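Notes follow once the structure below has been shown.
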Amino acid sequence: MAGSLFTDASKRLEKALKYVAISDDAGERLKYPKTSLSVSIPVRMDDGSLKIFPGYRVRYDDTRGPGKGGVRYHPNVTMDEVQSLAFWMTFKCALLNLPFGGAKGGITLNPKELSRAELERLSRGYIEAIADFIGPDVDILAPDVYTNEMMMGWMMDQYSIIRRKISPAVVTGKPVTMGGSQGRNTATGTGAFFIMQAMLPKFDRYPENTTVAVQGFGNAGMVVAECLYQEGYKVVAISDSQGGIYNEQGVDIPAAIDYKQHNRSLAGMYCDQTLCDLGDNQQLSNAELLALDVDVLIPAALENQLTADNADQVKARYIFEVANGPTTSGADDILVSKGIYVFPDILVNAGGVTVSYFEWVQNRSGLYWSAKEVNDRLKEKMVEEAEQVWHIAQDLEVSVRTAAYIHALNRLSEAMDAKGTRDYYQDT
Ligand SMILES: NC(=O)C1=CN([C@@H]2O[C@H](COP(=O)(O)OP(=O)(O)OC[C@H]3O[C@@H](n4cnc5c(N)ncnc54)[C@H](O)[C@@H]3O)[C@@H](O)[C@H]2O)C=CC1
Ligand SMILES: O=C(O)CCC(=O)C(=O)O
């Protein structure tokens, strides 16, 4: 898709605004990010040279609470992308009724090219650069693509050093030994699974009669594939950035997880001799995976995977967006006209930020929950909000995505009205 990701993302807001009693002022305010910060992060590389990496943090809106959102390390990170991701976080947090606004951060780099020590210096340098912009009551960080709990631990530690006090609640998704929550590592995939379990039976879809393809095999995709496999769904295709594998009988997901953890890419699994007893794994490209004849398609990698150019080839009847922004607005129109149900990112992948909220609450109260407590609360929250979205979609005869935006917008507009506009800073 050519053009701005943010402009495309904003089209979803425009559609939903028609259905919500929101003041023109508040509607207008939501079309722009509140604050966008660009920084340059100097990093001493292992060979002694100095490299400067561009970094970003955007707080899109904080009417409902401090900004909340992950940090992405990827070569394609731009301000436009970070603004879009922060925009989605705003609606996601409102949709789940979390007391947070939306934020996101990122650094433009290929993390696979840096050593662990370089990544640590980079992560700490990022916090040095944005320390005055974040905080447990201001803007709270978390993991996203190519960042993980180890990096969250470094970031929290660096912030604590700068503030000269231990500040666990400034970052979520930390290692459990540093105040992380049980279940945060698996929350995004598990939350998506809870949504599928609640929604698919509405279409008489059950594990025994449902095939699934999952694009992306990281923190989010791997966990949702594992949950579905354990429940008895037939996951026939999986992929990562290098391509994927297809098995008509169903991919052995635990074996694939084991393979991925010991090899850089999944694609090699199709010809690995030690896995011969897995049956007929065939190699598959990402483009082929998106067009597979399956019941459920789960994009769990990056944005702009389903576009106006390939949406027509989609054969799945149900799409559950675990990635942020995998479907362009042009693709959305095509998919909806084909009668395909698209369950949107701001609902489906909200398990991550929901358990991040639980982590923030635990850090602030000093009382820590068991894995069961976390998962029970996650399920309750995800299913409750998904049912409300489903009813809005039925009542107003709109797509599930528009219904999700309407639900979130209702909460946002209530908060904006309650706060008042202060006449947008006019002196009276
Ligand atoms: N980690 C989290 O808690 C959350 C993640 N998400 C979203 O889920 C998506 C995936 O994030 P994570 O799993 O956390 O990242 P990750 O870094 O753990 O994994 C990313 C996966 O996507 C694959 N990938 C990258 N480019 C690809 C391509 N062009 N085609 C196919 N696969 C590709 C990678 O090989 C890897 O398997 C992103 O859109 C992210 O924003 C959303 C909510 C929370
Ligand atoms: O856990 C969080 O705070 C945010 C996760 C995230 O970046 C997302 O939901 O896209």
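For the numbers below, each heavy atom of this structure counts, side chains included, while hydrogens, waters and symmetry mates do not. For this chain, numbers begin at 1 and follow the sequence in order. Just so you know, ligand 1 is whichever comes first in the structure, and atom 1 is the first atom listed for that ligand. Small disclaimer: the values here were computed from a predicted structure and weren't measured.
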Checklist entry - Is the closest basic N to carboxylate O distance between D157 and R124 below 4.0 Å? => result yes
Next on the checklist: For atom 5 (C) of ligand 2, what's the nearest protein heavy-atom neighbour? Residue, atom name and distance, please.
Outcome noted: R184 NH2, 3.8 Å
Next on the checklist: If the cut-off is 4.0 Å to any non-hydrogen atom of S356, which atoms of ligand 2 fall inside it?
Outcome noted: 1 (O), 2 (C), 3 (O)
Checklist entry - In terms of ring plane angle, is the pair F358 and W369 parallel, tilted or perpendicular, where the classes change at 30° and 60°? => result tilted
Checklist entry - Listed by chain and number, what are the side-chain hydrogen bond (donor to acceptor under 3.5 Å, both in side chains) partners of Y233, not counting sequence neighbours? => result none
Checklist entry - Is it true that E414 and R411 have a side-chain N and a carboxylate O under 4.0 angstrom from each other? => result no
Checklist entry - Do any heavy atoms of G352 fall under 4.0 Å from ligand 2? => result yes
Next on the checklist: Once side-chain hydrogen bond (donor to acceptor under 3.5 Å, both in side chains) is applied, do any residues pair with S399, and if so which ones, sequence neighbours excluded?
Outcome noted: T402
Next on the checklist: Under a 4.0 Å threshold between the charged nitrogen and the carboxylate oxygen, would K419 count as salt-bridged to D62?
Outcome noted: no
Item to check | For G70, the ligand 2 atoms whose distance to one of its heavy atoms is below 4.0 Å | outcome: 4 (C), 6 (C), 7 (O)
Next on the checklist: Given a heavy-atom cut-off of 4.0 Å, could you list the residues near ligand 1 in chain and number order?
Outcome noted: R72, D144, V145, Y146, R184, T188, Q215, G216, F217, G218, N219, A220, D240, S241, N286, A300, A301, L302, V322, A323, N324, N349
Item to check | Any N363 side-chain heavy atom under 4.5 Å of Y368 side chain | outcome: yes
Checklist outcome for this item: heavy-atom search around atom 3 (O) of ligand 2 in the protein gives K68 NZ, 2.6 Å
Item to check | Heavy-atom nearest neighbour in the protein, as seen from atom 9 (O) of ligand 2, with distance rounded to 0.1 Å | outcome: K92 NZ, 2.6 Å
Checklist entry - Quick one: which ligand 2 atoms are inside 4.0 Å of a heavy atom on A142? => result 1 (O), 2 (C), 3 (O), 4 (C)
Item to check | D332: which of R12, K15, K11 passes side-chain hydrogen bond (donor to acceptor under 3.5 Å, both in side chains) | outcome: R12
Next on the checklist: Return the closest protein heavy atom for atom 10 (O) of ligand 2 as residue, atom name and distance.
Outcome noted: K104 NZ, 2.8 Å
Checklist entry - Are D46 and R116 within salt-bridge range, i.e. N to O under 4.0 Å? => result no
Next on the checklist: Does only the side chain of N324 get under 4.0 Å from ligand 2, or the backbone, or both, or neither? Count heavy atoms.
Outcome noted: side chain
Next on the checklist: According to side-chain hydrogen bond (donor to acceptor under 3.5 Å, both in side chains), who are the partners of E128, at least two apart in sequence or on a separate chain?
Outcome noted: Q158
